[in-house]
Amino acid sequence: MEKIKSIEELRKLREHARKSLQVRSGEAKVKIMVSMGTVGIAAGARDVLMAIISELEKRQFHDAQIVERGSLGLDNEEPVVAVERDNKTVFYGKVTAEMAREIVAQHVINGQIVSEWVIAKG
Amino acid sequence: MKELSLNILDIVENSIKSGAKNINLEIGEDNEKDLLIVTVKDDGKGMDDEFVKIIFDPFTTTSTNKKVGLGLPLLREEAENCGGGIEVHSEKGKGTTVVVKFKHSHIDRPPMGDLASTILTVIATNSAINLLYTHTVNGKVFKLSTKEIREIVGDVAALRDVTILKWLGDYVRENIKTLYGGEGNGKN
C-alpha cells in the first residue's frame, strides 16, 4: 500500500502556494461560483466543482478564486456555474464535469466565453 | 440523493447558510452495533421550536427565491425506511444539531459515496469557516480540522489555492480509504 500523505507535506506546499499568491496582488482575476443549494447538489454541482479544481490544478492556474453562491432560482438549469472575469459575470447552465473543464480552459484561463452554454449574463 | 455524502453536503450547506462559523461533522460507523450515525452540529443562527416542527414540510424553506426545500424531508424518509431516523435540535441564536441514523447493513441504505469530495467542496467554497470532521469506522478514527490546516498553510487565501485544495482532497481520500480497510477508492 502506498504511503499515506502526511501533514508535513502540507507545510512544504505552503511555500508553493505562497509564491503563486505573491504573483497576483490582492483580488483574484477570476471568480468562479458554483451554486450549492439542494437542487444544485442533487443535479451534480459537487462533481462539477471537483472538475473545476482538478482542471485549475492541472493547468497550474492560481489566479482564480472559488466562491460560494446561493441558488439563483434557476433550478431548471442546475448545476449552475458563474464566472466573473473582466468585470462581467457569465452564467452557465446544466453544467457537467466535462463542460466545467472546458469552461476553465476557455473562459477562466483564456477569457473566451463558451457562448453555446451561456444562460445569462450580468 | 444517490449518495449519503451528498445528503451530508446538503446538511452542511444548510449550516453555512445559517451563518455558522464552526461546524462539527461526526460520522460513526459500527458494524457490530450495525449502526451508521451522522451528526452535524453548528453555531449558526438556529431556529425556534415552531420552525423545527415544520422543517420537514417539503414546502418550507428559509430561502426566499426558492419554493421548496426537499433535502431533509426526503432524507428522513430514507433513514426511516432503513431502520433509522433523523433528529433536529435547535435553539434560536445558538445553533442547530442534525442527527441521522441508519441501520448500517440495511439493503436500502444509500451508499456513503464520495465523502472526500463532499469535504473538499466545503473547504473550497467556505475556506474561512472551521470544519471539524471526525470519522470513526469500527474504532478507527480520522480527524480533520480546517482551522488547523489553515494555520499550517498560513491564511484563507493559501487554503483556497488549487495546489493546497488538490492535496487536501487526496489526503482526505487516502485516509477514508484506510478507515475502510485500504480497499477500493475511498468510496463505500
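Just so it is clear: chains get the letters A, B, ... in the order the sequence lines come, proteins before strands, and each one is counted from 1. Since this is a predicted model, take the numbers as computed values, not measurements.
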Portion of D170(B) that has a non-hydrogen atom of chain A nearer than 4.5 angstrom: both
Check against side chain to side chain contact (heavy atoms under 4.5 Å, CB included), I41(A) and M1(B): CA-CA 8 Å; I41(A) 293 169; M1(B) 306 262 183; 3.9 Å; yes
One should read off an interatomic distance between T38(A) OG1 and L6(B) CG, to the nearest 0.5 angstrom, of 11.0 Å
Side-chain touch Q60(A)/T163(B), heavy atoms, less than 4.5 angstrom: yes
Would you say D155(B) has more than 12 foreign heavy atoms packed within less than 6.0 Å of its CG? yes
Do I109(A) and I66(A) sit in the same hydrophobic cluster, where Ile, Leu, Val, Met, Phe, Trp and Tyr count as joined when their side-chain heavy atoms come under 4.5 Å apart? yes
Are L132(B) and V99(B) co-members of a hydrophobic cluster defined by side-chain heavy atoms under 4.5 Å apart? no
Can you tell me how far CG of N126(B) sits from CE of M36(A), rounded to the nearest 0.5 angstrom? 9.5 Å
Measure the CG-OH distance between L10(A) and Y171(B) for me, rounded to the nearest 0.5 Å. 8.5 Å
Side chain to side chain contact (heavy atoms under 4.5 Å, CB included) partner of I53(A), chosen from L120(B), T121(B), L168(B): L120(B)
Taking the basic N atoms (NZ, or NE/NH1/NH2) and the acidic carboxylate oxygens, is any pair closer than 4.0 Å for E13(B) and R46(A)? no
Heavy-atom side-chain contact between M50(A) and D114(B) under 4.5 Å: no
S127(B) versus chain A, heavy atoms under 4.5 Å apart: side chain, backbone, both or neither? neither
Interatomic spacing from CH2 in W167(B) to NZ in K12(A) - rounded to 0.5 Å: 10.5 Å
I need the residue from G169(B), S5(B), G154(B) with the largest number of non-hydrogen atom pairs under 4.5 Å to chain A. S5(B)
What about Y133(B) and V141(B), same hydrophobic cluster or not, with Ile/Leu/Val/Met/Phe/Trp/Tyr joined at side-chain heavy-atom distances under 4.5 Å? no
So for I7(A), is it side chain, backbone, both, or neither that comes closer than 4.5 Å to the heavy atoms of chain B? both
Quick check on the hydrophobic clustering: are L74(A) and V67(A) connected, directly or via other members, by side-chain heavy-atom contacts under 4.5 Å? no
Find out if a path of hydrophobic residues (ILVMFWY) with successive side-chain heavy-atom gaps under 4.5 Å connects F142(B) to I23(B). yes
Would one find more than 12 heavy atoms of other residues, nucleotides or ligands at under 6.0 Å from atom CD of E151(B)? yes
From L49(A) CG over to L9(B) CG, what is the distance, rounded to the nearest 0.5 angstrom? 9.0 Å
Above 12 or not: heavy atoms from other molecules or residues under 6.0 Å from NZ of K147(B)? no
Once rounded to the nearest 0.5 Å, what's the spacing between atom CG of D161(B) and atom CG of D63(A)? 10.5 Å
Please answer whether the main-chain N or O of I152(B) pairs with a side-chain N or O of R14(A) as donor and acceptor at a distance below 3.5 Å. yes
